[in-house]
Structures are given as C-alpha cells and as structure tokens.
Asks: 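Below you'll find the structure I mean.
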Amino acid sequence: MSKYDHKKIEAKWKKNWEKSGIYKTGDPSFAKDSAGKPKYYVLDMFPYPSGAGLHVGHPKGFIATDIVARLKMMQGYNVLHPMGWDAFGLPAENYALKNKVHPADATAENIKVFKKQLGLLGFTYDWSREVNTTDPEYYKWTQWIFLQLFKKGLAFESYEPINWCPSCKTGLANEDLEDGKCERCGSVVEQKPLRQWVLKITDYAERLLNDIELLKEWPEPIKEMQRNWIGRKEGINIVYQIEGSDKKVICFTTRPDTNFGATFVVVGPEHSLISSITTSEYKEDVEKYVSAAKNKTELDRIAEGREKSGVFTGSYCINNLTDYKMPIWVADYVLGNVGTGMVVGVPGHDKRDFEFANKFGIEIKRVVVAGDGDTSPITKIEQVQEHEGEMINSGFLDGLDIHDATRKIMDRLEEKGWGKRVINYKLRDWVFSRQRYWGEPIPLVHCEVCKNKKYNYIILHGYTGTADQNGPGRGDSNNWRPWVKVKLEERGNKVFCPNLPNTNEPNIDEQVQYVIDNVNFEIDENTVIVGHSLGGVVIYKLLEKLNKKVGKVLLVDPVVSPEFPDKERLNVKKSCDWKFNFEKIKKLSDDFVVLGASDFATIFEKDLRFVADKLEANLVLAKPAEGHFTAEEEPVVLNLLNNTGWYPVPEKDLPLELPKVKNYEPTGTGESPLAGIDKWVNTLCPHCGGPAKRETNTMPQWAGSCWYYLRYEDPHNSKALVDKDKEKYWSPVDFYVGGAEHATRHLIYARFWHKFLFDIGAVSNIEPFTKLQSVGLILAEDGRKMSKRWNNVINPDDVVAEFGADAMRLYEMFMGPFDQACAWSTKGVIGCRRFLEKVWVLGEKIKDERLKINGDNNKNIEILLNQTIKKVTEDIPAMRFNTAIAQLMIFANEASQSSILNLQSFASFLQLLAPFAPHMTEELWANLGNKESIFKSAWPKFDPTKIQHSEITVVVQVNGKLRDEIIVPVDIAEADAKARALSTEKIKKWLDGKEPKKVIYVKGKLVSIVV
RNA sequence: GCCGACGUGGUGGAAUUGGUAUACACGCAUGCCUUAGAAGCAUGUUCUCAAAAGGAUUGAGAGUUCGAGUCUCUCCGUCGGCACCA
C-alpha cells in the first residue's frame, strides 16, 4: 500500500494539466467544444502584487472561485475563470522608493512571485487571458475610456480644495480616506486647493442608487453600504432675503416642517457670501474666525468634539413664515460642501442647533409636541424632539403629523416662490488625478494659444410658447442665454444673442433671415453657433442656407422632429417643412455637440440619437438644472462652450506611454514628477498643431480596475476594448468574489464606468456583476490581522510544502462560513490532511478484494452517497463549502467502516471531492483506470428516490419535552404514527393514565402530545 | 449619535418553511500499537449530580406557540460601515 505523497502527485498533475491545456477557455466563435455550451464567468477581484507576497488569507477567495469553476466545468458550462494584476498606484510606488528599484521592475518582480505562489495551489486560470493594468496595451483602453468621459463633459478640471496627503504628496478622493486620514499611510490629510481632474460620478448618482434594486444576488450589507455612501436626501432649498440687501441666503433642509421654529441662520466658514454680508462692526471678528477655521485640520475638529463655536455677521434675514428676524452667524459646524453650505437653525428640534443657540443666547422655539404631550419651553437638550411628533405653534401646519407637515409646507414654500424642492447626495465627484508617477498618464494636451483664441458666438433660443401652452412669463428665450453671454463676453469673445422675431408663432425661414441680417460679425470658422430647442432647427436651416464652414455647433436639447413626448406644439409643427439635408450640414463643421436632457422629458431620446448620428456629433446627456435646460444658469452648457485649452490625445496615438525615468520621487508641489521631464511634457497641440504641454497628473489606482473584467473577455484586441460579440457572450460576470472593503470604492467606481460604457454603446448590460460574494478575512493564529509587524504571517508556500495544496484548499473552505472572519489554525489543516489520507487509503483498498466487488452497495452507503451528491451540489454554488466538506467527511467515515463499497460509488465520491482537492482526486481517478481528466467527467446526479431510508426515527414529545423515539416506515399514516407513539411503555409512563388533550404529528419528524 | 451584521460546548463551527440543539473538525481523556516518542487505530467527550434516572442549557429577560437557536419586544455585548450630512 503506497503512501499519500502530495508533493509527487501535485507536481505530476500541474504539469499534466498545463500540457493538455484543459483550462483554456474557448471563445464561442472559434472553439468547437464550446459551441452550444452555456457560459459561466466566474471572477476574482484581481490582486495588487505587493512586495510582501501572498499570505494564506489572500487565496481564500481564489480557492472558492476555483471550486465553483471546476463544478461548472463538470456540469457542462463553458467557463471563463481568469486572473490578472492591479499594479498601478501608491503601494507599488512607495515600495519601489523604499527599496530603490524602479516601480516597473518591482511590479514585474512582484507579479512573478505572486504568479508562482498562485501556481502552487492548482487553479484553473487560463493564463493566456492574463491582464496587467500597467501594460501599455491594457492602459491604452483605460486612457481611451477617460477620453470618452472627457468628451462627454464627465471629466473636468477643478481647482477646488481637496484632500491632500502630505506624506504621500498627492491629492486623494473621498473614498481614499479613513477617519480623516490617508488610507495608505495614516497621515492626517489637509485641505489643499489644487488643480485636478474630476469625474462627474454625481451625474450617475441616481442611477447607481436605483439600480441597486436590480442586484438581487448581492449581499444586503454591501448594497446598504452603497446606498449610504451615495446618501440621497430629498429636501428643499429655502430662500431667505437678507434685510437691507438684495442678497439671499439659501438653506437646504430635509425638515422644513419645523421652519416656524427657525430663529437663526448659520453659514459655513468656507462660504463666499460671508465677506459681502458681514457688517463693518463685526468684520474683524468674522475674518479672524474664518481664517482660524480654514487652518483647522480634520483632526482638530474631531478633537473639539461637539463644542460649538461661531461669530455673528451683523446681518439678518427674514423668515417669511413668521417674519422673524434671523441673525446670520458663521460657524464651522456647518460644512461648506454639504447642501448649500448654509443651514437654517431650528434649535428646538435639532441637537446641534440647540447647542449653538443655547451657547449664544439665541431664542429657542418649540414647534413639535411628542407623544409625552409636553408643550413646555425647551431648555434642555434632552427635550429636543427630532424624529416624531405633531406640529404646534406653526400656523397652518398645527395638528399635523411631522411627515404630512413636511409635504404641506414644501408645497406652500414652492407656491410662494420661497423655496424649491431639491435632491442632495452625499456622494462627491471623483477626484481623479494623482500627483505621482506610477499611474496611467492622463491623455490630454493643453494649448495656451487655443485657449486664448477668441470666438464669435451666436446663441439662439427656441420656441417661447403662448401663455396657455407654456404658462405666462415662461419661455425659452428667458433661460441661461443672458448668463452665458455675460460669461463669454467676460473672456473677450463677441456674442450675438438675439431675440428672434415671432417667437410665439415662429417661422424658421424668417428667423434664419433675421440672424443673417442682424449678426454683427462675419460667420466663418471662427464662429460658434449655439441653439436651444427649436433654435436647433434654426441652425440646421441657417447652415444649409449659408453653406459656410463654422468652428463649432452646440445643440442644446435640440428639436429634430415636430413630435414631442410631453405634448403637442402646433405652432412648432407649422414653423417649417421639417426637411433637413444633414449630409450637407455635417460637412459644415468638424465639431458638432448635441447636449440632451437625460430624462428625455421634452425631446425624444431617439431624436437626439438620430441627429447626433447624422452629424457625427458628440452626444452628451446630462441632467439639466431645470427641465429641458431652462434654468437661469445651466453650467453644463457653459462647460461645453468653455474653451479650457485642453484637447484629447488623438486615439491613434494611444497608448500614451508612461516614460520610464530614473527619478520619480513625488515633488510635493502639487505637480507630478512627470512635469519635470521637458522632453515628454512638450508636445504639439492636437487642435492647432502649435507647441503645447501634456497633462502631467496620473490616474488613481482605481482606474484600471474599473473595467478589467471586460478585458478578460477579449484580452488581445487592438481595435476595441472588447469585441462586441464576445462581450455579448460573456457579460455580465455571473459570479464575482472579493473583499467587502471594496463596497464603496472599486464596486461603485466600476458600476459607474460600466454604466457610462453602456451609454456610449461599448457594453450591453447596465450592471457588470450579477452575483457578488464577499470573502471573510483570515486572521492569524493569535486572532490579530496577519502582519509583518506582529510577526504572525503564515505563508501559503510553507503550508503547501508541508501538507499539500489540496489540504490547504480544503482547510480554508472548511474553516467556517465563507464570508466570516476566522483565525488560522495549523491543527485544522492537519485535520483536513487526515481526511485526505483517509480517502487515499480508500483508494488504495481498491486493490483489495472487497472493494473490487461490483455488486450492490451496502444500503446505507447507497443512501448516504445520494444525500452527499445532493448536499455538495447545492452547497457549492451557495458558498456553503464548510457543510459540503462535512458531508464528504461523513461519507468517507462511513465508507471506511463499511465492508462493501461499490466501485462506482467511490468514483462518484471522488468527483464530488475533485473541485476541493483536484490533484489527489485526479490521481485516484486515474488509478481507477480512467484515461481522461476527472474534470472532463460529468458531475454526478442523485436519485431522489434514494435519499431516504425506508424506516425512519420519529421522536415523541410530551408537553414539548423529548420522551421517546419510535422507528416507523417512512410512509406511515398519521393515525398509525400517533397510535404507535401513544402506546410505547415510556410514553404511557409519562402520560400516567391521563387522556392527551391534543396530539400533533409532523410528517417524518415527530409526534407531540399535549396533556 | 445613525445604519447594518452577529452572540450556540474547552476551540472553529452545524441545525430546510419554527419540529431530536451541539453535525463535521480541532482539542482533551482512556485504551491498543511502540524500547520510547510521533503517527495511526478504537472508545468517550454540552453542563450538572459518583452512576443511572432526572434536570439544566443557544448573551440576559419577557412574549407568541403543542413546540423557539430560529418569530416579536426590551436590555447587554462584539464586529463592520457612516457621522457636527442640515
């Protein structure tokens, strides 16, 4: 009898699998054996190849996906199970700096180590599909996606103060913080004004939130974390006029119901309004307070706790509901980036406001009475009622429940023009630049000449409607046009912004002629034409008629056909013949942009797509400040006209490679180290061809991981980030396994990019990951996190060497519930090793006479096998590996003690164990005489008629306590079961001659007797 | 403060829709084997009472039920997330 030699067996089968290529994934288009098979895409969160190598915690998720992949293979699926490297970013760069190696070399070395370590565990990865985020052929497409975002106005330059880590010397996103500290190095972050690129993830906030509903197979806690992170709040912006001034204070609140109790207003110290409302008497105090607040770090604020501070500005504003004169204060408990940066103080019903008012002697009013009926004045913080009650002292709200009151007062405030309902999010836009070396270069070029070039603008309005159709005083000529005109003129541009004739009953030809007759400059390639709504039609006709090339055309929610989703517009229908020569128009500018309202409330989506398609325009969908872009200020419109001087690197020049340089130390100046490489920075403007400079910031670590799962589907495509047919076949990812710590970063970012890619037609689903599973941490044997610092790290290489990869795989799955944290136990590994040896011995006994008998199984074994097939088949996809393994152990224990074991039963058992312990089962499978891999065999099926014994034990309870057991046939009738239960000696004793009041029979389980 | 998850032997943990609590594994104990140790095998192992019979037991307490680890309420504790978020 030979011994179980894991080293020999594992080496043999690794080599064998590699040679036969059984884990190569077939693509549907060219792989013969994958045709007709259903696909299954199972994915791990790809690792960050750090310098420390893998510890035993890392592979836990990988083992799980490998087990699922092997099960699915055996169940006849075409399985995609890839692996790759997320290798850009701070950790690699900091490691490189510390060890004085180039990050590119360090990364390559780390990947080599990781790959070797993973190789030991016998995974089914198809390494021909390996991706690496630092490979130019990969990040070419990361850059490409960035450029698409840029072209849609979703990537913009900002100078807002952001989180700055003084030790890592880079700006950080909100998601990169932990308790106000840099998540990487633990330094306290500062707020630093910095030029940076920002992605407008907030444009997707609503969809990211709503579509969580679609994620039926995601863990509830992860979804809840995402909901909280997005933080949607419905409320109202209430406008208060400042006394003796034309300035206003606008306060966001979710609790307007308490507004009769508002007695003051607080402005955050960052707010630009402060200087203009502070009276001379208080100027000095306010300035002192503001500058002190600006110098406070996050840590200072935490240290101060809830102790309130603040200064009075000298100004008052009027609460329209009560005519109360509310003093306006400045205080740092109001945050500049939340809501409107100003808060209306209701000290009776908000604890923070109470503390503030109490400290500074501001009046405290009670407007809500809670269940206790107490209507006395509020003098203590414990009396502050925040979340329930009924209105008092609140005029027309009196007697209402707070929720009804909220609705009623919102209606009233809007009706009176004193407020406007708004939705606010906690989610901030994604700060996307890092002032560091080791990241994807942002593929943009800045041209001062182009930036400073002046243009002549024509801004055309649409149909203003009649009083009965659009309401009095509301019309498209009354929108953002004057605001945009002023902004453009401030920059030295000429602007022609006419009120077109007959706007109620427009005639397009007449309006076109009006423009031609009245424009006070030459229309040429230096002209930018903007048209809103029906103004779009004026542009089509104007260009057709002029037949001259212009610089740029921006169509803002343009009319394309006389049909509208909301209502009929007869006068619009009559305004022209609706025949446009788009072929001709297309040639009259190289730069068409269609800006559409993403709710498609006024212009059909199909119309927008049609015109964008015809004109080869860049279609930008955005949420207007007011429906159909009719607000006085529409920043999106201005952004699209704003000439920032930034131009995308032409797609043919991608990838824009990161130059390999000797010196890549962060500068700490707010510039990236790339800024010092003149040869790289100086380039030509893609727009005018003159000298220009490259963007030198790089992308954050999370960029490459936003879309890597798509690249696995088609890893070597040089024409697109993924081939459409392959994407359609493989996407979405069926099963995604990774750590819960990614809930509010990678998983939000990836969902954001995926939705964007869907919008531009690059992918076919709106969500990337169908089913998500989080992995629980493996702690060290001492119960702490594994860390060099504690010297408690366990290296998988050692475990594999001593006990074998199969034992390690088995143990990690047996430790406990998969998503739960659990401490490592070497004793536990030994237990799993013993189990494998037991199976090995069974395999060896095959040579023994009794096992060669191909006759009937022992009946118990037969039933146990069927139960085991059922349990393992159900438990693996549900990630209940621990109970699946327990069941396999039960079977092995029973089989070891049985005198008869059918050969076929043992083979089935090996198949069930194979996903967990692939090497050993493959060896034993071959020993049985099989020529093909066990993973090419079909997964066993159980016989439902054979999972139950013919006789079962039914327990008998008297008054809920277990008193006896009876053995009965499985199909015993209820009356018989009851009769048998009542007639046993023990039960008779417990009944003591009394008549049972009630007898309950639960089929196959128990008889419960009530006395 | 708010939101979420969880609390079962000496340990990791099992337990369909409420239906035999403690499966499986570790550890421990005793025995076999061995010069000895290790490994292996066998038996036992929730607690309590010397044993049997019995009783108690799923963080604590109450409730619903013939029956609660599982459902409801209150409290305590642990972990995770968010946080002067208006």
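Just so we're on the same page: letters track the sequence lines, and every chain starts at 1. Just so it is clear, the model here is predicted, and its values are computed rather than measured.
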Asks: Using the P atoms only, state how far B:C66 lies from B:U8, rounded to an integer number of Å.
Replies: 30 Å

Asks: What integer number of Å spans the P atoms of B:U43 and B:C26?
Replies: 14 Å

Asks: Quick one: is B:G13 close enough that its OP1 or OP2 comes under 4.0 Å of any side-chain N or O from A:Gln820?
Replies: yes

Asks: Identify whether NZ of Lys or CZ of Arg in A:Lys60 sits under 6.0 Å from the centre of the six-membered ring of A:Phe818 and within 45° of that ring's axis.
Replies: yes

Asks: For B:G9, does the O4'-C1'-N9-C4 (purine) or O4'-C1'-N1-C2 (pyrimidine) torsion place it in syn, i.e. within 90° of 0, or in anti?
Replies: syn

Asks: Quick one: is the NZ or CZ of A:Lys308 closer than 6.0 Å to the six-membered ring centre of A:Phe356, and within 45° of its axis?
Replies: no

Asks: Could you give the distance separating B:U20 and B:U72 at their C1' atoms, to the nearest angstrom?
Replies: 25 Å

Asks: Verify the contact: side-chain N or O of A:Arg834 to OP1 or OP2 of B:G27, cut-off strictly under 4.0 Å; return yes or no.
Replies: yes

Asks: Using the P atoms only, state how far B:A38 lies from B:A21, rounded to an integer number of Å.
Replies: 39 Å

Asks: Please measure how far the P atom in B:C75 lies from the corresponding atom in B:U11, and state the result in whole Å.
Replies: 29 Å

Asks: Are OP1 or OP2 of B:G67 and a side-chain N or O of A:Asn959 less than 4.0 angstrom apart?
Replies: no

Asks: For B:A23 versus B:G13, give the span between their P atoms, rounded off to a whole number of Å.
Replies: 15 Å

Asks: Whole Å only: how far is the CZ atom of A:Arg963 from the P atom of B:C66?
Replies: 18 Å

Asks: Could you write out RNA chain B as a dot-bracket string, with dots for unpaired bases, | for bases paired across to another strand, and Watson-Crick or G-U pairs counted at under 3.5 Å?
Replies: (((((((..(((......[....)))((((((.......))))))(((.....)))..(((((..]....))))))))))))....

Asks: Would you say A:Arg880 reaches B:A14's phosphate, i.e. side-chain N/O to OP1/OP2 under 4.0 Å?
Replies: no

Asks: When the C1' atoms of B:G31 and B:G69 are compared, how many Å lie between them, rounded to an integer?
Replies: 37 Å

Asks: Counting only side-chain N and O atoms of A:Asn893, is one of them less than 4.0 Å from OP1 or OP2 of B:A25?
Replies: yes

Asks: Write down the distance separating the P atoms in B:A14 and B:G9, rounded off to the nearest Å.
Replies: 13 Å

Asks: Write down the atom of A:Gln887, the atom of A:Thr868, and the distance for their closest heavy-atom approach.
Replies: NE2-OG1, 3.1 Å

Asks: Phosphate oxygens OP1/OP2 of B:C82: is one of them under 4.0 Å from a side-chain N or O of A:Lys426?
Replies: no

